[in-house]
Amino acid sequence: MKAMRVGWSIIEALCSRATTSVIVLVMMCLALSVCSKPSTQTRVEDERGTLGDGFPRPFKVVTYNAWHGLHAGEVSVTPGESPERNEERLGMLVRQIAEERPDVVLLQEVNPLPKRAEAYVQALSEHGLAYTEIHQVDACGVRLSEERALVSGLNNGLVVLAKQELQLEKITGLKLSGDLGECESTSGVQLEELRYALIGVITLPGTSIRYLVVSLHLHSGFEAGPPFSEWLAAWHQQGNFERYPYLKWEIEKTQLRRVGELDRLVRELNKIRREGGYTGVIIGGDFNFEEGSLEYEEAEMLRLVDTYTQAQGDGEIFTADPIRNRIISEGEEEGSLPDLLTAIQGESTETKDEIVAAYRNETRRPRRIDHLFVDNFLPQHRLNQSRFGTATNADGLPASDHFGIMNTYSWE
Amino acid sequence: MRRLNKNHKRASRTSKGPRHGLCLLATFVATMVFSLGLSVAKADELMEVQALVDEARLTFARFVGHPEMTWLRENVKEAKGVFIAPNLVEAGYVITGSLGRGVLLVQDERTGQWSDPAFYSAVGAGVGLQIGAKRSEIVALVMTPKGVESMLSSTVVFGTGVDVAAGTIGGGLSGAMTPGLTADIIVFARSKGGFLSLSLAGTVLAVRDRWHAVYYGKSVEPTDILLARDATNWYSDRLRATLARTGARESQPASQAD
């Protein structure tokens with residue numbers, strides 16, 4: 001009591017003065033910061049407790065490029081499929097979500113927003129599943145409202161679905177690259193390629209533990225992974241293709257754009273985490289790069305962990321797989337060919353043919369370009385990783401040109 | 001009397017109770033607002049500095065990756081320091097002004113390791129044909145100890161007491177190196193339209209002490225960061241690695257260079 005009285009006297013003395021002492025501020029700041037930091041032990045117990053309420057059951061996170069279903073021409077964007085096929089793909093994805101019941105689904109190429117995201121939520125509710133959604137448009141053309149747009153069918157972007165109990169909230173739609181334009185939910189002007197990340201937060205039920213969840217789709221550009229680059233270099237070394245440094249530079253520029261996008265994202269996430277006291281983050285999406293690339297090294301140096309390397313699973317998980325996925329094998333391989341042809345214009349016909357043939361081989365190669373990266377996400381759990389979205393229709397077509405990946409976290 | 005005074009004081013304290021409570025509450029709220037404001041401001045500033053580090057690295061990668069930048073690539077290993085300004089904005093009408101931010105890193109002659117960055121503001125003025133605004137990226141190789149020393153003061157007029165030259169561009173296909181660049185500092189510049197000839201002479205560089213404090217968590221001078229290596233931050237690792245990799249790549253035999 002005596003100590004309290006002395007303390008009170010000091011506070012009283014300080015308060016009675018016109019200028020409130022900085023010391024009190026600092027002390028209170030210190031007290032607040034100490035009180036707001038749970039010990040590691042507490043955090044682990046909280047996580048265990050969370051999964052004890054109706055659990056233990058696995059906690060599942062899916063990332064899936066749902067394919068926008070559009071055909072992008074030189075100057076226009078048109079539907080790339082019939083309305084019936086579009087509906088069929090929606091139904092296929094919803095059925096697979098209903099079957100696996102992932103807690104969080106990180107989607108890319110959802111088109112058109114916000115209708116398509118709302119359609120997922122509605123369709124899942126018809127399966128008795130309560131999900132909420134957040135979204136961010138990353139390709140909008142010129143759009144004045146939901147109904148009025150220069151390219152009416154285009155309002156493509158990122159979505160996060162989460163079980164209702166996780167109290168999903170959108171923090172921001174962060175522009176990662178592209179100077180000319182902004183896309184909002186139902187309006188925007190896009191004068192060049194824009195890339196965004198959708199950042200949200202989930203709260204584990206019955207706890208104050210909050211995780212950041214991110215869905216993103218990085219710049220595509222050349223689909224030139226390590227094998228194509230190595231072939232080009234070796235072919236050049238043999239005395240072919242004099243202008244090789246210029247094509248190499250064009251490839252590097254697309255890589256550097258993705259590196260810049262990753263940097264931008266991680267800076268923002270670090271800032272959000274410093275301000276908000278989030279426990280960790282999971283980032284899923286179509287990264288358009290493979291393990292062993294410059295961008296993958298960048299992610300590692302930014303202290304992100306590829307969950308593929310942590311997980312138990314069944315070997316390589318290819319997400320862009322022309323051997324098993326007819327949609328990607330039937331059309332998408334031509335996607336970035338015009339960029340390549342521009343880069344090698346002026347070469348002899350023989351040289352061009354060689355390079356295009358090698359590039360086609362590259363685009364027919366199964367690749368793992370969709371990833372789930374984490375920083376301290378459910379670290380005490382055993383992780384299993386598997387492919388998602390492999391179901392096909394009667395014609396053998398899956399719901400998208402990509403396969404997704406699913407992380408299943410469970411207590412050992 | 002003393003007892004009376006004491007009682008009076010006690011009574012006074014009792015009667016002031018709500019006021020003191022309010023005072024404490026106000027202090028508490030002010031503390032929260034104050035500390036939140038400080039942490040947000042600091043977080044914003046740190047993000048700004050990190051953005052400069054990232055942009056500097058991408059600028060450097062874009063310069064050394066370009067097929068025409070042979071001289072730059074081949075001389076990074078020999079450089080004593082590198083100054084990178086990823087976003088120098090020049091604007092005006094006849095009389096022009098330029099404004100930007102930059103980083104300076106110094107290479108340890110013994111180990112070849114690059115330091116963490118020191119941060120600078122760059123402000124320049126001049127007369128030219130400029131109308132409107134132009135954005136440039138700058139990479140300057142500091143080739144001599146004298147050149148490094150010239151950049152260690154808190155305010156530096158770029159090029160004072162040292163030789164500054166515009167860098168040579170070319171040699172992409174032949175791989176030929178252009179001889180004859182012997183200045184203390186060699187400046188390479190690029191705008192959206194392509195590479196430029198720019199010396200930066202007369203540009204004032206001012207050390208950003210505040211950014212050093214935010215980035216390194218303590219108050220440090222450029223010499224502490226660049227020479228004594230008393231300040232480090234893991235966030236610079238990628239920038240340092242890019243510089244190191246460029247030097248290493250160019251020193252490999254041609255057959256391994258790609």
Side-chain angles (χ1 to χ4, degrees), chain A residues 8-9 11-12 14-17 20-22 24-33 179 229-230 232-237 242-253 255-257 259-264 266-277 294 297-298 300-303, chain B residues 13 16 19-24 26-36 38-40 42-55 57-62 64-70 135 171-175 192 234-235 237-242 245 254-258:
Chain A
W8 176 261
S9 304
I11 292 170
E12 184 187 34
L14 290 167
C15 285
S16 65
R17 293 179 183 184
T20 305
S21 170
V22 173
V24 175
L25 294 177
V26 172
M27 283 172 66
M28 285 194 163
C29 286
L30 282 172
L32 278 173
S33 65
D179 291 330
S229 296
E230 284 160 18
L232 267 182
W235 197 53
H236 172 62
Q237 297 277 329
E242 193 187 359
R243 288 180 59 82
Y244 162 71
Y246 290 88
L247 179 56
K248 179 170 172 269
W249 173 231
E250 291 299 321
I251 294 169
E252 276 181 17
K253 276 197 286 188
Q255 293 175 321
L256 290 174
R257 179 163 176 174
V259 164
E261 289 168 349
L262 276 177
D263 292 345
R264 175 82 185 87
V266 171
R267 285 199 305 269
E268 185 71 22
L269 289 176
N270 286 343
K271 179 175 172 249
I272 292 171
R273 286 185 69 176
R274 276 193 298 271
E275 289 171 1
L294 180 74
E297 276 177 32
E298 182 77 5
E300 288 184 315
M301 290 185 81
L302 287 165
R303 302 184 173 185
Chain B
R13 183 189 293 166
K16 277 186 181 174
R19 208 182 106 204
H20 281 265
L22 279 174
C23 176
L24 279 176
T27 307
F28 181 72
V29 171
T31 303
M32 290 195 64
V33 171
F34 181 70
S35 57
L36 186 68
L38 269 186
S39 89
V40 169
K42 198 174 170 189
D44 281 343
E45 211 165 12
L46 179 59
M47 199 167 86
E48 204 180 338
V49 186
Q50 288 179 340
L52 174 59
V53 173
D54 287 336
E55 286 161 15
R57 172 166 163 264
L58 290 175
T59 290
F60 184 80
R62 279 193 286 266
V64 296
H66 195 282
E68 299 289 336
M69 299 302 277
T70 311
R135 225 166 70 172
L173 292 183
S174 63
K192 203 154 193 173
W234 73 271
Y235 203 84
D237 288 352
R238 288 164 297 129
L239 171 60
R240 296 169 61 233
T242 302
R245 198 161 42 216
S255 60
Q256 296 171 29
D258 294 313

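So that the names make sense, note that chain A is the first sequence line, chain B the second, and so on, each numbered from 1. Just so you know, these numbers come straight off a predicted model, no measurement behind them.
If you measure heavy-atom distances from A:E230 to chain B, you find no contacts under 4.5 Å at all. With a 4.5 angstrom heavy-atom cutoff, A:L302 touches chain B via backbone and side-chain atoms both. Neither the backbone nor the side chain of A:I272 has a heavy atom closer than 4.5 Å to any heavy atom of chain B.
Considering all non-hydrogen atoms of both residues, B:M47 and A:K271 come closest at SD-CD, 3.3 Å. What you find for B:Y235 and A:N270 is that their closest heavy atoms are CE1-ND2, 4.5 Å. Of all the heavy atoms in A:W249 and B:A61, the pair that sits closest is CZ3-O, 4.0 Å. Counting all heavy atoms, side chain and backbone alike, B:P67 lies closest to A:P245 at CG-O, 3.5 Å. Nearest heavy atom pair, residue B:G65 against residue A:E252, reads CA-OE1, 3.8 Å.
Side-chain contact check for B:R238 versus A:V259: every heavy-atom pair is 4.5 Å or farther apart.
Expressed to the nearest 0.5 Å, how far CZ of A:R257 lies from CG of B:L58 amounts to 12.0 Å. With rounding to the nearest 0.5 Å, the separation of CG in B:D44 from CZ in A:R274 is 9.0 Å. Put simply, CG on B:L239 and CE on A:M301 are 10.0 Å apart, with the number rounded to the nearest 0.5 Å. Once rounded to the nearest 0.5 Å, the distance linking CD of B:Q50 with CZ of A:R264 reads 11.5 Å.
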